[in-house]
Amino acid sequence: MIKTPKANRLHIGIFGKRNSGKSSLINAITGQEMALVSDLAGTTTDPVYKAMELLPIGPVTMIDTAGFDDEGVVGELRVKKSREVLDKTDIALVVFAPEDDEFSYEEDWLEQFKKRNIPVIGVLNKLDIMEKDLNGYEEKFNIPFISVSAKEKRNIDELKKVIIKNAPSDYEMKYIARDLVKSKALVLLVAPQDIQAPKGRLILPQVQTIRDLLDGDAMVLTVKLTELEDSLKVLKGKPDLVITDSQVFQKVNEILDEDVPLTSFSILMARFKGDLEELVQGAEQIDNLKDGDKVLIAEACTHHALKGDIGREKLPNWLRERTGAELDIQINAGCDFVEDLSQFKLIIHCGACMFNRKQMVTRIEKAKESGIPITNYGVAIAHMKGMLQRVMKAMNSK
């Protein structure tokens, strides 16, 4: 449970006014004193993340946020950070204090949750101090409510049951690749171990793909590009599917027979984390790029760029080679996303293995709202190398 990547967990955001008991609630739910609790308003500043197990859902991430009524210049920055948490929230708990009878902040935030299709549970805290009828709250806000005492840990198990009942079942796609092949299928993975590869381990999409295929009873063989031809010679038959790193897409495509299904880890992530159809449509915009057009290359994580970095060197070179245009290419790395997307003609995103599905889907929706096409590394490369049709055929095979 502890080693389950954050990106594969249900994200439960806890929101509410200052001193409503958010931090006490997350401590009660997790059974740990992981959030600082104080009578002083505004104790929580940046969002706090805590991993735990919530059966039968499994591993989840709890997110404690600053009060959405925080004040002052610093308070506004804290609220901004809390708003950013919405991008990755799968289900929200809004904490109410029973002594409060003014709900303009809550109404504003509930409207935001509604626009983003985030299910919400109202939590009336401080049951140890005051008991109130929940019917009025449920009628006013049209969401399920439960009374708890975070301080005395009363009704916390009942709250967990309500979370389980209301949690979205589609917060994560069921499969990465196993639905593309039959049981006992032979899947060949091409995983270059160049200077960009982490020392002593495979990258996360490769590890996750292998595990997913093994869970589907597939037989998995992993090789480097330099051993691809040798591996094909020793096999008794052709592999049922080949999955490659996007950087060597073209070379693998040239080696394989045309009837062998081929895709990439990045394209699998495009489907698993986002909207593959939308990203395929976005790739078509590459051929419409002109001199001076701005292209945003977005990455989910920050890393030290080495020689031959795909986002900073290879993709820009391939784009200029394909379009023949002098493009203005900008890089955005990490959780913070560019606010004004209208300045760009195209967004090319990484595979987003470090994001949960909600966060990547949110970025796609923001691009659509701005009228800006969006694609991802693998889809864009397949399009530029003239093999997207082959890849999409593999994504529908079994």
For [X], does the [atom1] atom sit with more than 12 other heavy atoms under 6.0 Å from it, leaving out its own atoms?
X	atom1	answer
Glu339	CD	no
Lys151	NZ	no
Asn142	CG	no
Glu254	CD	yes
Met384	CE	yes

For [X], check side-chain hydrogen bond (donor to acceptor under 3.5 Å, both in side chains) against everything at least two apart and list the hits.
X	answer
Asp230	none
Lys294	Gln343
Gln112	Arg83, Asp108

For the atom pair [atom1] ([X]) and [atom2] ([Y]), what is the distance rounded to the nearest 0.5 Å?
X	Y	atom1	atom2	answer
Thr362	Glu84	OG1	CD	12.0 Å
Thr244	Leu189	OG1	CG	9.0 Å
Ile29	Leu54	CD1	CG	8.5 Å
Ile372	Lys345	CD1	NZ	7.0 Å
Glu229	Ile255	CD	CD1	4.5 Å
Ile347	Ile364	CD1	CD1	10.0 Å

Check your understanding: Do Leu241 and Thr263 pass the side-chain contact (heavy atoms from CB on, under 4.5 Å) test, and can you show the C-alpha distance, the side-chain angles, and the key distance before you say yes or no?
Key -> CA-CA 8 Å; Leu241 176 66; Thr263 189; 4.3 Å; yes
How close do [X] and [Y] get, heavy atom to heavy atom, and via which atoms?
X	Y	answer
Val361	Gly274	CG2-CA, 4.2 Å
Tyr171	Arg9	CE1-C, 3.8 Å
Gly378	Ser264	CA-OG, 4.1 Å
Leu134	Ser147	CD2-OG, 3.2 Å
Phe96	Gly122	CE1-CA, 4.3 Å
Val95	Ser20	CG1-O, 3.4 Å

Check your understanding: Restricting to pairs with a member in residues 131-142, which pass salt bridge (charged side-chain N to carboxylate O under 4.0 Å, His left out), not counting sequence neighbours?
Key ->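 Those involving residues 131-142 are Glu107-Lys140.
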Practice item. Only pairs at least two apart or in different chains count here, so list each salt bridge (charged side-chain N to carboxylate O under 4.0 Å, His left out) that has a residue in residues 262-274. Key: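 Listed once each, the pairs are Asp179-Arg271.
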Could you tell me if [Y] and [X] have a donor-acceptor pair between their side chains, going purely by distance under 3.5 Å?
X	Y	answer
Asn8	Glu172	yes
Gln250	Asn253	no
Lys314	Tyr377	no

Between [X] and [Y], is there a donor-acceptor pair closer than 3.5 Å when you use the side chain of the first and the backbone of the second?
X	Y	answer
Arg78	Ala66	no
Asn376	Val379	yes
Asn332	Ala298	no
Asp128	Ser149	no
Asp217	Ser183	no
Thr375	Gly282	no
Asp293	Lys290	yes

Check your understanding: Do Arg363's NZ or CZ and the ring of Phe337 fall within the cation-pi criteria of under 6.0 Å and 45°?
Key ->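 Yes, Arg363 lies over the aromatic ring of Phe337.
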Are the charged groups of [X] and [Y] less than 4.0 angstrom apart, N to O?
X	Y	value
Lys22	Asp64	no
Arg211	Asp215	yes
Lys358	Asp90	no
Glu76	Lys80	no
Lys182	Asp240	no

Practice item. If a pair satisfies ring pair (Phe, Tyr, Trp, His ring centres under 6.0 Å) and one of its residues is in residues 8-28, list it, with sequence neighbours excluded. Key: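 Output for this query lists Phe15-Trp109, Phe15-Phe113.
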Can you sort out the partners of [X] under side-chain contact (heavy atoms from CB on, under 4.5 Å), two or more places apart, ordered by chain and number?
X	result
Lys238	Asp257, Asp259, Val260
Glu326	Asp291
Lys17	Phe68, Asp69, Asp100, Glu102, Tyr105, Glu106
Met219	Leu186

**Study point:** Parallel, tilted or perpendicular: ring planes of Tyr137 versus Phe145, cut at 30 and 60 degrees
**Key:**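 Tyr137 and Phe145: tilted rings.
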Side-chain donor-acceptor distances from residues 114-121 under 3.5 Å, at least two apart:
unit_1 : atom_1 : unit_2 : atom_2 : d
Arg116 : NH1    : Asp87  : OD1    : 2.8

Practice item. Step by step, work out the side-chain contact (heavy atoms from CB on, under 4.5 Å) result for Val60 and Ile163. Key: CA-CA 11 Å; Val60 302; Ile163 294 173; over 6 Å; no
Practice item. State, yes or no, whether a side-chain contact exists between Pro316 and Ile297 at a heavy-atom distance under 4.5 Å. Key: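 Yes, at least one pair of side-chain atoms sits under 4.5 Å.
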Check your understanding: Are Gln330 and Asp328 side-chain neighbours, meaning at least one heavy-atom pair lies under 4.5 Å?
Key ->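 Yes - at least one pair of side-chain heavy atoms lies under 4.5 Å apart.
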Review point. Which pairs count as side-chain hydrogen bond (donor to acceptor under 3.5 Å, both in side chains) when at least one residue sits in residues 275-284, sequence neighbours excluded?
Key: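 Checked against side-chain hydrogen bond (donor to acceptor under 3.5 Å, both in side chains) - neighbours excluded - no pair reaches residues 275-284.
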Review point. How about Phe272 and Tyr175: are their ring centres within less than 6.0 Å of each other?
Key: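 They do not qualify: ring centres at least 6.0 Å apart.
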Check your understanding: Can you tell which of Leu276, Asp212, Ile176 makes a side-chain contact (heavy atoms from CB on, under 4.5 Å) with Leu268?
Key ->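 By the side-chain contact (heavy atoms from CB on, under 4.5 Å) criterion, Leu268 pairs with just one of Leu276, Asp212, Ile176: Ile176.
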Practice item. For the pair Arg390 and Glu258, evaluate salt bridge (Lys or Arg N to Asp or Glu O under 4.0 Å) and give the outcome as yes or no after the intermediate values. Key: CA-CA 8 Å; Arg390 177 181 185 174; Glu258 292 184 3; over 6 Å; no
